[in-house]
2 protein chains.
Amino acid sequence: MLDSVDAAIVRELQNDARISNKDLASKVNLAPSTCLERVRSLKARGVLRGFHADVDLGSLGRPLLAFIAVRIRPHTREVVDPFIAYTLKLPETVALSHVAGPDDFLVQVAVRDAAHLQRLLLDGFTSRREVAHLQTHLIFSHVHKWATEPYGPYGLE
Amino acid sequence: MLDSVDAAIVRELQNDARISNKDLASKVNLAPSTCLERVRSLKARGVLRGFHADVDLGSLGRPLLAFIAVRIRPHTREVVDPFIAYTLKLPETVALSHVAGPDDFLVQVAVRDAAHLQRLLLDGFTSRREVAHLQTHLIFSHVHKWATEPYGPYGLE
DNA sequence: TTCCAGCCCGAATTATATGCGGATCATGAA
DNA sequence: TTCATGATCCGCATATAATTCGGGCTGGAA
């Protein structure tokens with residue numbers, strides 16, 4: 001379990017993963033050496049899974065975001081697993097969720113423009129036999145909340 | 001625009017935002033001092049927006065993920081803006097997308113369990129006057145692809 | 001009480017980050 | 001072609017930071 005110091009470390013690293021160990025230690029009131037051990041422990045325990053740059057997709061030539069809701073038929077492991085592997089290999093794919101409900105997957109994609117999206121849909125999805133239904137949701141704006149508060153012992157909810 | 005060295009730097013920082021400047025420089029074949037300047041420039045130009053730890057939500061007591069598709073009525077700025085602000089303040093909210101289509105918003109939430117989700121839906125959403133329709137999609141699995149390849153000059157697509 | 005595990009700290013040692021002067025190179029004007 | 005200009009890069013010197021390690025403190029078990 002996480003104690004309050006772990007929670008503080010996690011929060012700071014969610015806010016700024018490139019903070020120096022020294023500054024991090026100072027923010028959570030630990031000596032740098034101790035802080036370093038804490039961070040290592042959090043990584044070892046799988047709490048901290050990685051550190052990633054948040055990049056402006058427009059600068060990468062992919063300013064348009066969309067969700068693609070996909071229904072797969074048949075919804076069996078033999079079909080689902082390859083579909084997941086395939087989708088994750090598409091350069092346009094940003095995130096993939098396997099969900100419950102009428103739709104089976106929600107694929108978040110980043111593309112250059114509408115024409116690119118159209119090509120992706122036609123060539124990348126509807127052309128596949130297992131894809132039974134598609135619905136596209138253009139994304140006007142998207143906000144990711146990088147910091148998530150712990151729920152339970154250290155949350156008050 | 002990004003040249004190929006910028007693209008390489010961005011890719012490395014997407015993979016590991018806590019890489020040392022020295023190691024990063026070595027990976028992209030630059031001197032550390034030059035690499036530092038490149039990274040600063042990428043931040044200044046808004047290409048690198050931030051660096052964030054990827055945290056295991058289960059460790060934070062929120063192992064259950066869901067999308068909540070929300071329809072708002074009326075869909076006017078006077079109603080939409082406060083709804084966005086409200087939703088982003090909920091501790092359960094992880095991401096919020098304003099989308100085109102029958103649904104107006106897709107809210108990604110992280111909760112402790114089904115009961116928590118139910119409470120969130122009833123007290124946090126359906127109780128609000130502007131919320132006309134809700135549909136919840138439990139997320140069985142979710143994969144985020146941290147690295148996105150540039151599209152255009154440096155992509156081959 | 002004694003031992004031990006779990007945490008924490010500070011000092012010393014390495015390693016890294018950063019500021020700067022100056023070299024190199026592509027470009028475009030004369 | 002020649003020269004000025006700006007952009008980019010590098011290496012070195014110095015300031016900072018990361019990391020290791022020995023040891024102290026505390027609470028619980030025996």
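Below, chain A is the first sequence line, B the second, and so on; all start at residue 1.
What you find for A/Leu88 and B/Val143 is that their closest heavy atoms are CD2-CG1, 4.0 Å. A pairwise comparison of heavy atoms in A/Ala53 and B/Leu48 identifies CB-CD2, 4.0 Å as the closest pair.
Judged by a 6.0 Å distance limit and a 45° cone about the ring axis, B/Arg62 is not positioned over the six-membered ring of A/Tyr151.
The pair B/Asp6-B/Arg11 does not count as a salt bridge, with every side-chain nitrogen at least 4.0 angstrom from each carboxylate oxygen.
Sorted by residue number, the list of members of residues 9-27 of chain B with any non-hydrogen atom under 4.0 Å from DNA chain D is empty. Near-neighbour residues of DNA chain D inside residues 28-41 of chain B, defined by a heavy atom below 4.0 Å, number-ordered: B/Leu30, B/Ala31, B/Ser33, B/Thr34, B/Arg38.
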Enumerate donor-acceptor pairs with a distance under 3.5 Å from any side-chain N or O in residues 117-127 of chain A to protein atoms, sequence neighbours excluded.
residue  : atom : partner  : partner atom : Å
A/Thr126 : OG1  : A/Leu121 : O            : 3.2
A/Thr126 : OG1  : A/Leu122 : O            : 3.1
A/Ser127 : OG   : A/Asp123 : O            : 2.7

- Item | B/Asp104 and B/Arg71: CA distance, side-chain angles, deciding distance, salt bridge (Lys or Arg N to Asp or Glu O under 4.0 Å) verdict | CA-CA 5 Å; B/Asp104 299 311; B/Arg71 297 182 194 179; over 6 Å; no
- Task: Run the numbers on A/Arg18 and A/Asp23 for salt bridge (Lys or Arg N to Asp or Glu O under 4.0 Å), then give the verdict.
- Result: CA-CA 10 Å; A/Arg18 273 182 83 74; A/Asp23 290 350; over 6 Å; no
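Taking atom CG on A/Asp3 and atom P on C/dG6, their separation rounds to 14 Å, with Å as the unit.
Side-chain atoms of A/Thr93 come within 3.5 Å of backbone N or O of A/Thr87 as a donor-acceptor pair.
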